[in-house]
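Structure below; questions to follow.
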Amino acid sequence: MPPRFLQQLTLRKFSRRPPPRSISECDDNMFRRGAILSNRPIGNLPSTFMPLAVEGLHIAHHVADAVHVQRSGRQAIVLFGYAICSMTGVDDGARIAEILLNCLTRGPETLYNYLQTLGGRYVVAFRDGDRWRLVNDAAGMRSLYFGRSATARYVATHVNLIAMQDVDAPPRKMASRLGYPGNLTPLAGVYLHNPSTVLALDDFDTARPFLLGASRSYTPQEVAAAILRRGRTQAAALARPGDAVVSLTAGVDSRMTLACLLPTADRFRFFTYDNGAAASLERDVEGAQALAASFGLTLRLVPVPAAPIRRDLLRVLANNTMQEHGQKLAQALVDAFGAQAGRHVRSNIGEVFHVSDIDKFAYRARRTIEDYRDVAAAYRTLAAYPPDSAVRVDEAFRFWSEKGRHGESRLSMRDAYFVEHRMASWVANVLNEQDVAFDTTILFNTRELLNMAAAVPRRIRATGAIPREVFRQSGYDLTRLPINGKSWR
């Protein structure tokens, strides 16, 4: 059982309306791309959800979203969301589920090896014998939450889907712009799953087969070659429908994504946000425009509304996410592209290839990041937590580290924090908000690439050696224009 304080943690400033308890509050966009799974039949669901039962696993999912099921004897696979094999470019859900089942019949290790190369934003449930286990994508971009009632256990893509069930989960308050500390959520007794672990449905026990840390080091040249190879394979598949949109900025991560997309760039639509008059944002818009012009790309400016967002959309977003981050961006995307406007390619996660916010904290504070206490100190500073919260935030990250089984991994705590907390807790909720417009994928979101990057010594990564190699090997002059206003020549 989690420590008692996790049921009671209360911090200042942030509050939100209670999660939905009645299906009458839900409309067609509520919990889009959502699913909930349980060991018992599921009730009190939105009218847009349909039930499904597979080998003792009870599932309910949004009717607009496909669920792919494959079974063989006592083994089964259930796939939600978008998955793409970064080795082959296969992104047909039914085919991916078939491959996953074929791997499972050869043993869990074969399944885990295949999941190392699987990109996208997805959840996989698999049954091997009598137990159902679940795993999501490499950085947890398709969120996965778990909680229990007196008689049932629930796992869901949206925390409020669990809140609608008969669970003892009173609201929790907090004050951070970077998500909740550790794997906490707005509801006491409901937790965020760590994407480097596999979760058992019957007892919520975890195992850590992923992001263990590489057994050897990699060079920036090797990692850059893998990024381009895997990224371009995914880009070719995403380009086929011709309806994918790409958010373009003047930053390093966006430039790395562009290096992968340029061979098929004529099949993508590019846009950047126009946030108004802030000087830093103006530079970002100007940088994106110059970049698009230099490669002959058509770039659309998407204005971000200054006025409060529409009440109908606000109601949806308040239920779809566990914390509000960029609601005006969600409205901007709906206004610009309409609802469900194809696949969206973003460029997050790229910071793991160079410098992330926790690296900057460690440098400025002259502090090493060795265990959960150091991670908690970084989080409190980056999230501007009040000093009197220190003990409880430390305990939250201790539970996060234990549940994530970090003691079984060679991965540095800096990389664990970035991938398993900053991305899974914060960025995933940004994508949940944007689900009202389109599903999002990130070309770097594979365990293979993250593990390779983490195996490059940090002092080398901090020099920008990996993105420089990506630009050099790309075959395009990607550094002739400044990156974030600075020359990379």
Side-chain angles (χ1 to χ4, degrees), residues 28-39 42 45-46 48-71 75-85 90-101 103-104 111-112 114-115 118-128 132-147 153-162 164-165 192-195 197-201 210 319-322 340 343-344 424 428-429 431-432 434-436 438-442 445-447:
D28 289 348
N29 283 321
M30 205 75 77
F31 305 120
R32 183 64 203 271
R33 311 186 200 287
I36 182 169
L37 305 88
S38 179
N39 60 337
I42 306 167
L45 289 166
T48 52
F49 271 50
M50 62 183 297
L52 175 68
V54 181
E55 303 294 337
L57 178 68
H58 296 271
I59 306 165
H61 66 95
H62 197 288
V63 294
D65 304 315
V67 174
H68 303 282
V69 179
Q70 292 285 333
R71 285 176 277 199
Q75 295 175 315
I77 291 285
V78 181
L79 171 64
F80 306 87
Y82 176 72
I84 178 169
C85 179
V90 172
D91 65 350
D92 176 76
R95 177 59 181 147
I96 292 288
E98 182 181 347
I99 295 171
L100 289 169
L101 180 61
C103 291
L104 182 59
L111 174 68
Y112 297 153
Y114 184 72
L115 288 169
L118 203 62
R121 189 165 167 242
Y122 61 83
V123 171
V124 173
F126 62 96
R127 182 178 188 261
D128 187 21
W132 277 97
R133 295 179 174 87
L134 299 102
V135 62
N136 50 350
D137 57 83
M141 296 295 90
R142 175 57 63 205
S143 300
L144 201 56
Y145 303 94
F146 59 96
R153 290 179 175 85
Y154 299 98
V155 179
T157 55
H158 296 68
V159 69
N160 283 336
L161 280 173
I162 297 178
M164 294 178 70
Q165 308 308 312
L192 176 67
H193 173 65
N194 185 315
T197 65
V198 174
L199 181 71
L201 180 62
F210 306 118
N319 287 280
N320 283 13
T321 59
M322 75 172 188
Q340 318 311 323
R343 201 79 56 193
H344 174 212
N429 271 278
L431 304 192
N432 283 347
Q434 296 180 2
D435 274 341
V436 295
F438 32 48
D439 197 1
T440 300
T441 191
I442 300 170
N445 188 23
T446 75
R447 294 180 170 92

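On a predicted model such as this, the values are computed, not experimentally measured, just so you know. We use all heavy atoms of the structure for the numbers below, so side chains are in, but hydrogens, waters and symmetry mates are not.
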- Item | Side chains of V436 and R32 in contact at under 4.5 Å (non-hydrogen atoms) |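 No, every pair of side-chain atoms sits at 4.5 Å or beyond.
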- Message: Quick one, Q165 and I36 - any side-chain contact, counting heavy atoms below 4.5 Å?
- Response: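 Result yes, sub-4.5 Å side-chain heavy-atom pair found.
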- Message: Holding to salt bridge (charged side-chain N to carboxylate O under 4.0 Å, His left out), I want the full list of residues that pass it with R447, two or more places apart in sequence or in another chain.
- Response: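 None.
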- Message: Can you confirm whether V90 sits close enough to I84 that some side-chain heavy atom of one is under 4.5 Å from a side-chain heavy atom of the other?
- Response: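 A side-chain contact is absent here, since even the closest heavy-atom pair is not under 4.5 Å.
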- Message: So, taking the atom named CG in L431 and the one named OG1 in T321, what distance separates them when rounded to the nearest 0.5 Å?
- Response: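 Between atom CG of L431 and atom OG1 of T321 there are 11.5 Å.
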- Report the residues that fulfil salt bridge (charged side-chain N to carboxylate O under 4.0 Å, His left out) with R71, sequence neighbours left out, ordered by chain and then residue number.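 With neighbours one apart ignored, the set is empty.
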- Query: So V63 and M50, side-chain contact (heavy atoms from CB on, under 4.5 Å) or not? Walk me through it.
  - Reply: CA-CA 6 Å; V63 294; M50 62 183 297; 4.0 Å; yes
- Query: Does some side-chain heavy atom of L37 sit less than 4.5 Å from a side-chain heavy atom of Y154?
  - Reply: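 No; the side chains remain at least 4.5 Å from each other.
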- Using side-chain hydrogen bond (donor to acceptor under 3.5 Å, both in side chains) as the criterion, point out the one residue from D137, N445, D435, T440 that pairs with R142.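 Testing each of D137, N445, D435, T440 against R142, the sole residue satisfying side-chain hydrogen bond (donor to acceptor under 3.5 Å, both in side chains) is D435.
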- For H193, check ring-ring contact (aromatic ring centres under 6.0 Å, His included) against everything at least two apart and list the hits.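 ring-ring contact (aromatic ring centres under 6.0 Å, His included) list for H193, sorted by chain: empty.
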- Pairing residues for R127 by the salt bridge (charged side-chain N to carboxylate O under 4.0 Å, His left out) criterion, not counting sequence neighbours: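 Salt bridge (charged side-chain N to carboxylate O under 4.0 Å, His left out) list for R127, sorted by chain: E55.
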- Message: Using 0.5 Å steps for rounding, measure from the CG atom of N194 to the CG atom of N136.
- Response: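 If we round to the nearest 0.5 Å, N194:CG and N136:CG are 8.5 Å apart.
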- Which atom names give the shortest non-hydrogen contact between R133 and A200, and what distance separates them?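 Here R133 and A200 meet closest at CG-CA, 4.1 Å.
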- Message: Any non-hydrogen side-chain atom of V198 less than 4.5 Å from a side-chain atom of F126?
- Response: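 A side-chain contact under 4.5 Å exists here.
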- Message: Distance check, rounded to the nearest 0.5 Å: L101 atom CG versus L111 atom CG?
- Response: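 One gets 9.5 Å once the value is rounded to the nearest 0.5 Å.
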- Query: How many angstroms lie between CG in L199 and OH in Y145, if you round to the nearest 0.5 Å?
  - Reply: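 These two atoms lie 14.0 Å from each other.
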- Could you check if a side-chain atom of D65 sits within less than 4.5 angstrom of a side-chain atom of F80, using non-hydrogen atoms only?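 No. Closest side-chain heavy atoms not under 4.5 Å.
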- Item | Spacing of L52 atom CG and I59 atom CD1 [to the nearest 0.5 Å] |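 Rounded to the nearest 0.5 Å, the CG-CD1 separation comes to 4.5 Å.
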- Item | P46 versus M164, closest heavy-atom pair with distance |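 For P46 and M164, the tightest heavy-atom pair comes out as CD-CE, 4.1 Å.
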- How far apart are the closest heavy atoms of L79 and G93, and which atoms are they?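 Heavy atoms of L79 and G93 come nearest at CD2-O, 3.5 Å.
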- Message: Under a 3.5 Å distance rule, please check whether S143 uses its side chain to pair with a backbone N or O of T157 as donor and acceptor.
- Response: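 Pair absent, no side-chain N/O of S143 close to backbone of T157.
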- Query: Sequence neighbours excluded, which residues qualify as ring-ring contact (aromatic ring centres under 6.0 Å, His included) partners of F49?
  - Reply: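 For F49, the residues satisfying ring-ring contact (aromatic ring centres under 6.0 Å, His included) (neighbours in sequence not counted) are H62.
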- Query: Could you state the interatomic distance from CG (L118) to CG (L100), rounded to the nearest 0.5 Å?
  - Reply: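 The CG atom of L118 sits 6.5 Å away from the CG atom of L100.
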- With side chains defined as the heavy atoms from C-beta onward, is the minimum distance between Y114 and I96 less than 4.5 Å?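 Yes, close enough: below the 4.5 Å cut-off.
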- Message: Which heavy atom of I442 sits nearest to which heavy atom of M141, and what is that distance?
- Response: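 Result for this residue pair: CD1-SD, 4.0 Å.
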- Kindly write out the residues that satisfy ring-ring contact (aromatic ring centres under 6.0 Å, His included) with H344, not counting sequence neighbours, or none if the list is empty.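 Partners of H344 by the ring-ring contact (aromatic ring centres under 6.0 Å, His included) criterion, ordered by chain and then number, come out as F271, F438.
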- Task: May I ask you to check whether Y112 and F210 place their ring centres under 6.0 Å from each other?
- Result: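 Yes; Y112 has its ring centre under 6.0 Å from that of F210.
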- Item | Shortest non-hydrogen separation from A428 to G140 and the atoms involved |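 Smallest interatomic distance, heavy atoms only, reads CB-O, 3.4 Å.
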- Message: If we check side-chain contact (heavy atoms from CB on, under 4.5 Å) with F31, which of these qualifies: N160, T48, N432?
- Response: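 Testing F31 for a side-chain contact (heavy atoms from CB on, under 4.5 Å) against N160, T48, N432 leaves exactly one candidate, N160.
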- Item | Geometric cation-pi criterion R343 and Y82, 6.0 Å radius, 45° cone |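 Checked: cation-pi criterion met.
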- Query: Considering only heavy atoms from C-beta outward, does the side chain of V123 approach that of V78 to under 4.5 Å?
  - Reply: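 No - every pair of side-chain heavy atoms lies 4.5 Å or more apart.
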- Which atom of A97 lies closest to which atom of H68, heavy atoms considered: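 What the structure gives for the nearest pair is CB-CB, 3.9 Å.
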